[in-house]
Amino acid sequence: MNARTQAWLWFLQRASAAMLGFFVLVHLATMIYAVRSGLSAGEILARTRGNIPWMLFYAVFVASVAVHVPIGLRNILAETFAWRGRSLEVAMLGVGVFFLLFGLRAVWAVYAPGAGLP
Amino acid sequence: MDQATPPANTGSTIRVSVWRSSGAGGVASGEGRFEVFEVPRQPSQTVLDVVTHIQRHLDPTLTYRFACRVGVCGSCAMVVNGEARWTCRTHVDKVSADGTLEIAPLRNLPVIRDLATDMSVFFDKWARAKGQFSGSRSRTDDFAVVSPQSEERQQVDLGIECIGCGVCYSSCDVVEWKPDYLGPAAMNRAWTLINDTRDEARRERLAAVAGDAGCHACHTHMTCTERCPKHLPLTAAIAGLKRMTTRALLKGEL
């Protein structure tokens, strides 16, 4: 991986961190509001199903995680365990894809209009 | 006299543990051992005075490096009680409240012998960071005019006094974790040249300091800034490189 790509990774991690700061705050505020208002799982799902803004919010949230985590994990593994090179890049790509797929699956579960209660 | 049988400390002496190498790996590698010496206490005594006393009066085989003795040359840096310092400008009073000293070679550099490290890697990284001025004027051209008040010149002023002692490099955790990492001094040098309006190699230099071995690996621990004997804002220089490389990246110039 050349220095230009590494610089892009650094930039993407900072940009995704800034986005995650916003997403986490909104997520926590919403969770606290929902719990304190005594909403049941069914009532929460009734609000999220078919709700495109919430679906987009959590889809971008998941995408930010899928970008942020593997880049940070790559640094930690390289610095702590001296794991470097192609095998690390492939493994971290796998971590990113894992977070993206399972995150989007969760988003779909609370969005899909026809889905039952989990 | 070895560490197993240290002499009694009488109060008018300092008990000094000095690294004696058996390989190039330094203290972390365990390639050597600390040997204990009892050195007479003197007023206004520096750590370099202590090392010199040991070499001249107690064990002439002790190897260390110094030159100017007044904080100009940057030759005598060692790790004193766990922190990299210029030994010539470190008074024993300031670092040894309990009458003991531990003196080791700089970290992150191969040990030549005892307290003397091989600085080649350190200066090779200055070259890798394109630490050489690259101008375009010849001797027949007129002088370049650089205003002392300009923002670029003021940035240069903040970092230009580096004498290459290696204290920041020895103190940097990232250098330890990533042996390819350029380190604070090399990047501070690149930062002063990038802000030199006469220099022509800005683009190549930004490319040289970008990426995992360059400014983007810095975790902003700020140990380099904390330990620099000249109080240079090294972390700020690296942060400046991050900003400039990012701008160049987004413009497609990196």
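Chain letters run A, B, ... following the sequence lines, proteins first and then strands; every chain starts at 1.
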Peer 1: Give the interface residues of residues 60-73 of chain A toward chain B, defined by a heavy-atom separation under 4.5 Å.
Peer 2: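 So far as heavy atoms go, nothing in residues 60-73 of chain A approaches chain B to under 4.5 Å.
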
Peer 1: Output all residues satisfying side-chain contact (heavy atoms from CB on, under 4.5 Å) with B:Glu102, sequence neighbours left out; order by chain, then residue number.
Peer 2: B:Ser17, B:Phe34, B:Asn81

Peer 1: Would you mind checking which part of B:Ala208 comes under 4.5 Å of any heavy atom in chain A, side chain (CB onward), backbone (N, CA, C, O), both or neither?
Peer 2: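 Interface part for B:Ala208: neither.
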
Peer 1: What are the residues of residues 77-94 of chain A, in order of number, with any heavy atom under 4.5 angstrom from a heavy atom of chain B?
Peer 2: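 From residues 77-94 of chain A, the residues near chain B are A:Ala78, A:Glu79, A:Arg84.
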
Peer 1: On a heavy-atom basis, which atom in B:Asp212 and which in A:Gln6 lie closest, and how many Å separate them?
Peer 2: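 Shortest heavy-atom contact: N-OE1, 2.8 Å.
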
Peer 1: Taking every non-hydrogen pair under 4.5 Å, which of B:Thr245, B:Val174, B:Leu250 racks up the most with chain A?
Peer 2: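 Looking at each option in turn, the highest pair count goes to B:Leu250.
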
Peer 1: Where is the tightest heavy-atom contact between B:Lys178 and A:Asn75, given as atom of each residue plus distance?
Peer 2: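 Taking every non-hydrogen atom into account, NZ-OD1, 4.0 Å.
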
Peer 1: Which region of B:Ala207, side chain (C-beta onward) or backbone (N, CA, C, O), has a non-hydrogen atom less than 4.5 Å from a non-hydrogen atom of chain A, or is it both or neither?
Peer 2: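 Backbone only.
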
Peer 1: Can you confirm whether B:Glu204 is buried at CD, in the sense that more than 12 heavy atoms of other residues, nucleotides or ligands lie under 6.0 Å from that atom?
Peer 2: yes

Peer 1: Are there residues of residues 7-31 of chain A whose heavy atoms fall under 4.5 Å of chain B's heavy atoms? If so, which?
Peer 2: A:Ala7, A:Trp8, A:Trp10, A:Phe11

Peer 1: Looking at B:Lys242, I'd like to know if its NZ atom is crowded, meaning that more than 12 non-hydrogen atoms belonging to other residues, nucleotides or ligands lie closer than 6.0 Å.
Peer 2: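 Yes, because the 6.0 Å sphere around NZ of B:Lys242 holds more than 12 heavy atoms from other groups.
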
Peer 1: Around atom CZ of A:Phe102, are there more than 12 heavy atoms from other residues, nucleotides or ligands closer than 6.0 Å?
Peer 2: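 No, not enclosed.
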
Peer 1: May I ask you to check whether over 12 heavy atoms, not counting those of B:Phe123, lie within 6.0 Å of atom CZ?
Peer 2: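 Count over threshold, so yes.
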
